[in-house]
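Throughout, a chain's letter reflects where its sequence line sits, starting with A, and its residues are numbered from 1. Predicted model only: the values in this text are computed from it and were never measured.
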There are 2 protein chains.
Amino acid sequence: MFRTHTCGELRLTDVNKATTLSGWVQTIRKFGSITFVDLRDRYGITQLLFSETLNEKLELSPLGREFVLQVHGTVSERSNKNNQIPTGEIEILVNDFIILNKSITPPFTIQDDTDGGDDLRMKYRFLDLRRQAVRKNLELRYAVGRSTRNYLHEQQFMDIETPFLIKSTPEGARDFVVPSRMNPGQFYALPQSPQTFKQLLMVSGYDRYYQIVKCFRDEDLRADRQPEFTQIDCEMTFVDQEDILNMFENLIKRIFKDVKNIDYNDIVERMTWENAMWTYGNDKPDIRFDMKLCNLKFPAHTFPEKNNISNLINGVDFKVFDEAETVIAIAAPGCSEYTRKQTDELAEWVKRPQIGMKGLVYIKCNTDGTFKSSVDKFYNEEKLKAIANAVNAKAGDLIFILAGAEERTRKATSELRLHLGQQLGLRKIDEFKLLWVLDFPLFEYAEEDNRWVARHHPFTSPKPSDITTMINNNPVIENAAEYLKHPYANIKANAYDMVLNGNEIGGGSIRIFQKELQQKMFAALGMDEHEQQHKFGFLLGAFEYGAPPHGGIAFGFDRLCSILGGSESIRDFIAFPKNNSGRDVMIDAPSSIDDKQFDELQIKLDLKA
Amino acid sequence: MFRTHTCGELRLTDVNKATTLSGWVQTIRKFGSITFVDLRDRYGITQLLFSETLNEKLELSPLGREFVLQVHGTVSERSNKNNQIPTGEIEILVNDFIILNKSITPPFTIQDDTDGGDDLRMKYRFLDLRRQAVRKNLELRYAVGRSTRNYLHEQQFMDIETPFLIKSTPEGARDFVVPSRMNPGQFYALPQSPQTFKQLLMVSGYDRYYQIVKCFRDEDLRADRQPEFTQIDCEMTFVDQEDILNMFENLIKRIFKDVKNIDYNDIVERMTWENAMWTYGNDKPDIRFDMKLCNLKFPAHTFPEKNNISNLINGVDFKVFDEAETVIAIAAPGCSEYTRKQTDELAEWVKRPQIGMKGLVYIKCNTDGTFKSSVDKFYNEEKLKAIANAVNAKAGDLIFILAGAEERTRKATSELRLHLGQQLGLRKIDEFKLLWVLDFPLFEYAEEDNRWVARHHPFTSPKPSDITTMINNNPVIENAAEYLKHPYANIKANAYDMVLNGNEIGGGSIRIFQKELQQKMFAALGMDEHEQQHKFGFLLGAFEYGAPPHGGIAFGFDRLCSILGGSESIRDFIAFPKNNSGRDVMIDAPSSIDDKQFDELQIKLDLKA
């Protein structure tokens, strides 16, 4: 037996007990002839006291940091108590010890605040994982998973495993593929999600399915993407959108409670995609703070139902605004006293290539009721006041205005809003705000192919009111220039995203369950009947045998954990993440394979020069 | 809202309630102007009664089997009660109905006893999954998983995800590989198990890890193997074998209780590998019944410590036994009255190529105390009696004796024992007997390479008493003919298999955690230092930084579920299994991929003529 107790277990009530502990040497401190060692394991840290009787043995077998140590001793009350840790009132008077294994000097010390930088951390991930900061993240991840499983179990969901070796049907992202030795010339694909399988389970009557499951996408990696990632994947039968929203906002509330002990009693807000784009400039707004966008001018086709107030800025011969497709303003609360340096810095910030704007107009709404702007030459006090009213700016606020091409300008204003929100401390790390974004467009237009692409995925149903529009119209776009006039351009998806603090943590939809509608969707995406059969014949077939109405959702597990853990980086919440080149630098993968493997798989390299 | 209740929910206490149900049409029965429909969902079956007021609508919208139906109606007491199902006391008087989706005629009816045969079942797996028999299997699987998670959680295990895109280190089975687009010419491998990662987690101090996780092996498939399969994968730190055996026999007992409501109070038997081979002829004996093997003759090197009793059969000039390397007997209880036809059939059975023996000797131990054998010519009554005593046969038993080459004969006798056990009804489907098999040989001899291979895997530690033998000897086999005399031939592994009813359901070991010993192991397997570094440098590196003693186990989840479900076939417990060619015939995978995919991956086919 290696231990009678863990390093996090002993208390004052255990004093005088004989104990055996095993763990890692965190620190060694010598005071005269006495040696103190902090012994660490997953459960805590316990102080060991080696009296001078052990000095001879300690000289023969000197200890070092990260040595694995087993000690026998007696629990004793500490004179110098440490109330920072649960074991801080006791220490172990060591009778004897065994060094179970030694350690060479780690490349960085195993402490919260020293990680040696990203490259070293990843190469020595097995040491990085010893740091409490990282362990807490994985513990949180486990807690989120467990809370999820418990809630879904209570709601009669069943965990059903779907296959990993499936068929390549690239539609959207790239598949990872796996050559089949037993079927030479053929390949499996790793699933981008269990989408079609979970739908088949609904056709099979399983009613409520879930899985916490690895998914794979072979995309060029951005800082916060991983080629393999984990989803909480769910599907339900005989439900409409309302059923799904209720079920899964309660899942997230349950996770808040179980993992963070937060009672999330607010009603979860809902917002149409159009309003999200209008009001926040993106489809995953951070609603912890206000600073809504004011669209002073925008192309008529973008938001046909919104009121264009371009008269506020037109007619003064200010070319920047006159020539811009879009002009958007936001008011930063209480910033009217910003210095020239500060506004210049923000102007530089929006001019960076990542944002890509040409400049930044500001209007200071002074506390005395006057206005001061960078465009005083064009706009008199009255006009500035009218703009400030439209932007809902109060005295003391600072209005920023961006102008330019529609999409870029909206995106830039949204980024500026988040940047200012951060600067102003409005994005509080311990505040959580959920939001449902609804009524996405079903289709996007793919210019290069002059066809539609599915915004969510090809299995998403249109809103019930749009089904006949979809069925009764030819998806072919006759006139590319006027694609916006095609009836498909306005079809809304029966889809929903869950947004937490400005991050999309989950998304899903009510699915198509009628063969005819599914075929229409495939046709809209440019698949002829042959391709439909080849790729999705099994699904179209299944829809002929009594497919029920169904819908579902998938949450990005890595992202959800990182937000709950107050971090921007999902990597910190994955035990063994890959870097931006998709490499695991610890095990050095991917790597070359043997000639024998090539031979058996009947493939060879075809490297470009 | 599609339903107010499920089809398994309504009872007599709900009579007169208004209800809305949705489900599938199981059966339709017309009695005069009244139509009865059994409506089915995952939760049960509810009888619907369509009175004649609905006949007109039914004629316009006729129902069919497997149609998806929504009905509104009133709960009513049935006159003709069905006490076979929980909803059998009520029926729904239907007011109105909506056909949510139609179904063409399924290729087989959705009933327990009609599955249309294996090929149809797999092609239409989404219909096969509707059958209650299959659904019960997946429900059992979910229950086993949940029980496992709950137990391990209570024991402070953490579910930690390990990566799926790892490095190819073929050692034993073949890896599935995944070409890396971002690292041209390089490949990931899919994990055969998370072995090294879970060991790294122990090095990182996670103490108790588990995962229910997919693993992959590209092997030629036998009837009951799948290229992707699921493991309950566990690892613990600061444990010896005894700790592991206790922890995990309690896991299985907990599963028995949670899933089958069985109190398994017996002490779990333990048996050395040598005794299992000696007594049952294989390393996963079914100990639900006795019929132990009696080794009448065997090569001296096989079981050096066992007593050779070949004098019982020698010296009568019976060439079959004299020339055989091995002679093994078993006694079939109460079979002395077997007819000539029955013994002939068994003789034919052992001569089949799968068993491969030349013949079968029998000795009838008649109830009157006399003996009658197929070798009366050679053995007199006294000799037969002596053999019967050795075999522990009682009056009324029938002794079978097989002779031939050692391994084949032992295997054949073991098979014959299981065959007779089955025939005699001694392998009861509702009886469960657990067994630990211990002390496996650490190495097997690989003749073609004249080197050692790891019987379990290269991370398994020798028994503590054998560590110095391993460290202090050169693993190289100088004299191939005398490999049995090499000190490594007798090293025992600190490994354990859990056997349930003659099936290995789990296996594991105490791991090597010392760099020097691990290097010695790799060297024994024929890896030079360069190869060791290339394949397992990360592990050897990790062992330098304070690796703790640790060990673990992995259970075959598919197999465990199938045994608990009383089935021989793991496929029945997998939602979407593959066939013996590794194909998913429902989705038709694997399949060809696009030229664009080849191009991006920089590989091409190299098909053999």
If you count heavy-atom pairs under 4.5 Å between each of [options] and chain A, which one has the most?
{"options": "B/Gln156, B/Met1, B/Lys515, B/Lys123", "answer": "B/Gln156"}
{"options": "B/Gln514, B/Lys578, B/Glu228, B/Glu544", "answer": "B/Glu228"}
{"options": "B/Asp594, B/Asp41, B/Leu539, B/Val239", "answer": "B/Val239"}
{"options": "B/Gly205, B/Ala589, B/Gly23, B/Pro163", "answer": "B/Pro163"}
{"options": "B/Asp218, B/Val134, B/Ile160, B/Ile99", "answer": "B/Asp218"}
{"options": "B/Tyr545, B/Trp24, B/Tyr188", "answer": "B/Tyr545"}

In terms of heavy-atom proximity below 4.5 Å to chain B, should [X] be classed as side chain, backbone, both, or neither?
{"X": "A/Glu219", "value": "backbone"}
{"X": "A/Pro549", "value": "side chain"}
{"X": "A/Gln70", "value": "neither"}
{"X": "A/Ser591", "value": "both"}
{"X": "A/Tyr206", "value": "both"}
{"X": "A/Leu69", "value": "neither"}
{"X": "A/Leu165", "value": "both"}
{"X": "A/Ile574", "value": "neither"}
{"X": "A/Lys102", "value": "backbone"}
{"X": "A/Asp558", "value": "neither"}
{"X": "A/Arg135", "value": "both"}
{"X": "A/Lys596", "value": "neither"}
{"X": "A/Thr196", "value": "neither"}
{"X": "A/Gln226", "value": "neither"}

For the residue pair [X] and [Y], what are the closest heavy atoms and their distance?
{"X": "B/Val177", "Y": "A/Gln597", "result": "CG1-NE2, 4.0 Å"}
{"X": "A/Asn580", "Y": "B/Met182", "result": "O-CE, 3.8 Å"}
{"X": "A/Glu66", "Y": "A/Pro106", "result": "CG-CG, 3.7 Å"}
{"X": "B/Thr162", "Y": "A/Lys214", "result": "O-NZ, 3.1 Å"}
{"X": "A/Ser22", "Y": "A/Leu100", "result": "OG-CD1, 4.1 Å"}
{"X": "B/Ala547", "Y": "A/Val68", "result": "O-CG2, 3.8 Å"}

Just so I understand: if I count every heavy-atom pair under 4.5 Å between each of [options] and chain B, which residue has the most?
{"options": "A/Arg42, A/His534, A/Arg40", "result": "A/Arg42"}
{"options": "A/Phe238, A/Tyr43, A/Phe2", "result": "A/Phe238"}
{"options": "A/Asp240, A/Leu127, A/Leu601", "result": "A/Leu127"}
{"options": "A/Asp584, A/Val213, A/Asn183, A/Asp243", "result": "A/Asn183"}
{"options": "A/Pro184, A/Ser180, A/Ser168, A/Ala542", "result": "A/Ala542"}
{"options": "A/Ser592, A/Ala575, A/Pro179", "result": "A/Pro179"}

salt_bridge(A/Glu600, A/Arg181) N-O dist < 4.0 Å: no

Residues B/Arg583 and B/Asp588 bridged, charged N to O under 4.0 Å: yes

Plane angle bin for A/Tyr124 and A/Phe126 - parallel if under 30°, tilted between 30 and 60°, otherwise perpendicular: perpendicular

Parallel, tilted or perpendicular, as decided by the 30° and 60° cut-offs, for the rings of A/His153 and B/Tyr142: tilted

Residues which pass side-chain hydrogen bond (donor to acceptor under 3.5 Å, both in side chains) with B/Asp159, listed by chain and number, not counting sequence neighbours: B/Arg149

Sequence-distant partners of A/Arg208, side-chain hydrogen bond (donor to acceptor under 3.5 Å, both in side chains), two or more places apart: none

At a 4.5 Å cut-off on heavy atoms, which part of [X] comes close to chain A: side chain, backbone, both, or neither?
{"X": "B/Phe557", "answer": "side chain"}
{"X": "B/Glu242", "answer": "neither"}
{"X": "B/Phe513", "answer": "both"}
{"X": "B/Ile104", "answer": "both"}
{"X": "B/Phe543", "answer": "backbone"}
{"X": "B/Leu190", "answer": "side chain"}

Spatial distance of atom CD (B/Gln211) from atom CG (B/Leu201) [nearest 0.5 Å]: 8.5 Å

From A/Phe576 atom CZ to A/Met586 atom CE, the distance as rounded to the nearest 0.5 Å: 5.0 Å

Centroid-centroid distance, A/Tyr209 to A/Phe197, less than 6.0 Å: no

Output field: ring centroids B/Phe187/A/Phe598 closer than 6.0 Å: yes

Between A/Thr230 and A/Arg141, a side-chain donor and acceptor under 3.5 Å: yes

A/Asp606 side-chain N/O to B/Asp599 backbone N/O, donor-acceptor pair under 3.5 Å: no

